[in-house]
Protein chains: 2
Amino acid sequence: MTLKDVAALAGVSIATASKALNGRGYVHPQTRERVVEAAKKVSFTPNSLARGLLAGRTGTVGLLTNDLVGRFSIPVLMGAEDAFGTGKMSVLLCDARGDAIRESYHLQALLARRVDGLIVVGSSTDPRPSLGHDLPVPVVYAYGPSQDPRDVSVVPDNVAGAALAIDHLLSLGRRNIAHITGQEGYLAAQDRAAGASKRLAEEGLALAGGRVLYGDWSEAWGRSAASALIEQNPTVDAIFCGNDQIARGAIDAIRDRGLSVPGDVAVIGFDDWQVVTTGSRPQLSSIDMDLETLGRTAAQRLFAAIDGSEGSGVEHLPCRLVVRGSTMDGA
Amino acid sequence: MTLKDVAALAGVSIATASKALNGRGYVHPQTRERVVEAAKKVSFTPNSLARGLLAGRTGTVGLLTNDLVGRFSIPVLMGAEDAFGTGKMSVLLCDARGDAIRESYHLQALLARRVDGLIVVGSSTDPRPSLGHDLPVPVVYAYGPSQDPRDVSVVPDNVAGAALAIDHLLSLGRRNIAHITGQEGYLAAQDRAAGASKRLAEEGLALAGGRVLYGDWSEAWGRSAASALIEQNPTVDAIFCGNDQIARGAIDAIRDRGLSVPGDVAVIGFDDWQVVTTGSRPQLSSIDMDLETLGRTAAQRLFAAIDGSEGSGVEHLPCRLVVRGSTMDGA
DNA sequence: TACAGTTAGGAAAAGCTTTTCGGGCTGTTT
DNA sequence: AAACAGCCCGAAAAGCTTTTCCTAACTGTA
């Protein structure tokens, strides 16, 4: 099953066999045919290890994630795999589970396998420590940026995404817009709140309720916060929520109070997590971070870096508005 | 950054450097110290490619999935990664996206990289075509079994899981138990229905409504099916649902009709998908397929096969009952 | 002093592929 | 007729590590 066997079977030298299979140099068509035939016969597959050893490039990239169970890593990973092209580039996957020691262990293993580059996927959009600059391969940080601005990072633009949500609500004629979101400690929560406030301020408006309602990222919080909000501010006519679960909770609470969504209160979420958005009644509008595009972009940046391009800094990718029943006038 | 550099820096031969770092043969402690020091200094990482080329084993396994976005592959993958041990074994991930051509392409790439073994993760529990037996490495099928009984497969025991759910409902004193589930075409739907019916039959009972309510795996179906069911069979006191989304829809429909869960009707789902089970009111009891254990087991079977063990056939792993508010008496 | 037994370290092969270089050969040009 | 160009193929090196075998030196003993 090695090239030597193929060469022997075809009655040529190893060098000729190699050239025949790779289309290099001068090989008589008839000879080439014999070699190809022999290779097929023994189902020869060139050994990538030997190839990589020689070429210095392995056609493998490492994907270091910290939150595989979470729903953010996977789309990024998909996009990256997509960009690499089927079979051309392979992905070595490691999940550090938020543990720095485990991470450095994985990193070591990846470097030993001579990956051509690394993509680091954060578990949140909070900046994370850089892997450093003395690595022998380029690194791209996706979803969560590196703390070091000299690194290359690709992240979703939460601020603009929030503005998109507010824009949409404004376009529906809503003016009393509240914002319920998750833990204040998350940069994602801060960014989305900032984006929403800024956009409202541009229109001379302020958040209904006077402030951002921080809590946690759960439906339960969405329910209780929305309920209390409506209680205290009956004029609220729209709620922008920090994620889809909160939004779904808000929808349920509003319906429980006998109000209609979106008739009385329009609701929009964030993340566009299908299982949540399509399960609710009415279905939930949301802001999609388009993580697959983000993953693809990260892969492209990595390719560029592998090919010698320099560049650095944090690149913010736009979000997409996905309109469903919870903000649809006709509903 | 190669062993040669380390050896030169430490003033020894390559062979000695190798032995010093790997603890083989006779090396003077002082020499060893010098070598280790030198290796650390240039941050030497042994080239896995060269190592693998020599040893014939690469410490890499291929993970071929068909449904990365789906929620079943990931826990399996996690469990497998877990079993392999951090840094010791690496995982090459490929997503064929249900495309046979893409799959064979990925397979080729994995074999070229000389993986030590393969785990194939199905996108459903329906049997899938075997990769064949002329592969140079062992293969274990996880979640979805191979159609070929000579292969090694590890799958969740849906039949027993359904019986577990029925047992639980019976233990609450419920006797009029209905079953709402997804498309009849899915083996998972059939197995769960069969397990439920069998367990009921053992108690001399039959399904409330007289038949299994097949539909799709959505909340919307759960709502409409549960609503119609209660309408026609007011005596129903429990519903076993084929997945969590259907169950959540059922809960909502029951509450909409002014009945209480679990007071009037107990509801239990399947899959234990946290975002669905913990978001509902009350929180949803469910059957957990424990996919991480499944992944771990698949990895162990693969290890065994790599080490020469034979064995074959489909191994069914038990499910776990997770009790929450929707079947809790006190609630 | 010679020898056996340890101990330390080096030379070289193996593992597989790709690429470079050079040697035959045929046919053509001067 | 001689030289040259073009074509085809093979020998060998490079890429990096591990392991086996071997030599040299040293310790202790007969």
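Being a predicted model, the structure only gives us computed values, none of them experimental. Lettering follows sequence order; numbering is per chain, from 1.
Applying the salt bridge (Lys or Arg N to Asp or Glu O under 4.0 Å) definition to pairs two or more places apart or across chains, those involving residues 294-312 of chain B are B/Asp82-B/Arg296, B/Arg301-B/Glu315. Counting only residues at least two apart or on different chains, the salt bridge (Lys or Arg N to Asp or Glu O under 4.0 Å) pairs with a member in residues 137-157 of chain A are A/Asp148-A/Arg150. The salt bridge (Lys or Arg N to Asp or Glu O under 4.0 Å) contacts involving residues 121-134 of chain A comprise A/Glu103-A/Arg128, where partners must be two or more places apart or lie in separate chains. Here salt bridge (Lys or Arg N to Asp or Glu O under 4.0 Å) pairs that include residues 45-56 of chain B, with residues two or more places apart or in two chains, number zero.
Scanning for side chain to side chain donor-acceptor pair (under 3.5 Å) contacts around A/Gln274 gives an empty result, with sequence neighbours left out. Residues satisfying the ring pair (Phe, Tyr, Trp, His ring centres under 6.0 Å) criterion with A/Tyr141, sequence neighbours excluded, are absent altogether.
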Atom pairs, N/O to N/O, protein against nucleotides 21-28 of chain C, distance under 3.5 Å?
none

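Counting non-hydrogen atoms under 4.0 angstrom, B/Thr2 reaches the backbone sugars and phosphates but no base.
The two residues B/Asp95 and B/Asp67 come nearest to each other via the heavy atoms OD1-N, 3.7 Å. Taking all atoms of both residues into account, the shortest heavy-atom contact from A/Val139 to A/Leu131 is CG1-CD1, 4.2 Å. The two residues B/Val121 and B/Leu63 come nearest to each other via the heavy atoms CG2-CD2, 3.6 Å. A/Val76 approaches A/Ala142 most closely through the heavy-atom pair CG1-CB, 4.0 Å. The two atoms that bring A/Val314 and A/Val155 nearest to each other are CG1-CG2, 3.6 Å, heavy atoms only. Taking both residues in full, the closest heavy atoms of B/Arg32 and B/Lys19 are given as NH1-O, 3.8 Å, listed atom of the first, atom of the second, then distance.
The residues B/Asp271 and B/Arg71 are annotated as salt-bridged, a charged nitrogen and a carboxylate oxygen being separated by less than 4.0 angstrom.
When DNA chain D is scanned 5' to 3' for any atom under 4.0 Å from a heavy atom of chain A, the first and last hits are D/dC7 to D/dC16.
With B/Thr31 contributing its side chain and B/Val27 its backbone, the two residues share no donor-acceptor pair below 3.5 Å. Within the 3.5 Å criterion, the main-chain N or O of B/Lys40 finds no donor-acceptor partner in the side chain of B/Ser43.
We find the CZ-OG1 distance between A/Arg24 and A/Thr16 to be 15.0 Å, quoted to the nearest 0.5 Å.
Nearest-nucleotide assignment on DNA chain C puts the 5′-proximal partner with B/Ala15, out of B/Ala15 and A/Ser18. Mapped onto DNA chain C by nearest heavy atom, B/Arg114 and B/Ala17 fall at different nucleotides, with B/Ala17 at the one closer to the 5' end.
For the contact set between residues 22-30 of chain A and DNA chain D, defined by any heavy atom under 4.0 Å, the members are A/Tyr26, A/Val27, A/His28. Residues from residues 5-14 of chain B with heavy atoms under 4.0 angstrom of DNA chain D, sorted by number: B/Ile14. Contact check of residues 40-48 of chain A against DNA chain D (heavy atom, cut-off under 4.0 Å) returns no residues at all.
In the helix from C/dT1-D/dA30 to C/dT30-D/dA1, the terminal helix axes, each the rotation mapping four pairs' C1' atoms onto the next four within five end pairs, subtend 80°, rounded to 10°.
In this structure, B/Tyr186 places its OH atom where only 12 or fewer heavy-atom neighbours from other residues, nucleotides or ligands lie under 6.0 Å away.
Remark: the A/Ser90 side chain and the B/Arg113 side chain contain an N/O donor-acceptor pair separated by less than 3.5 Å.
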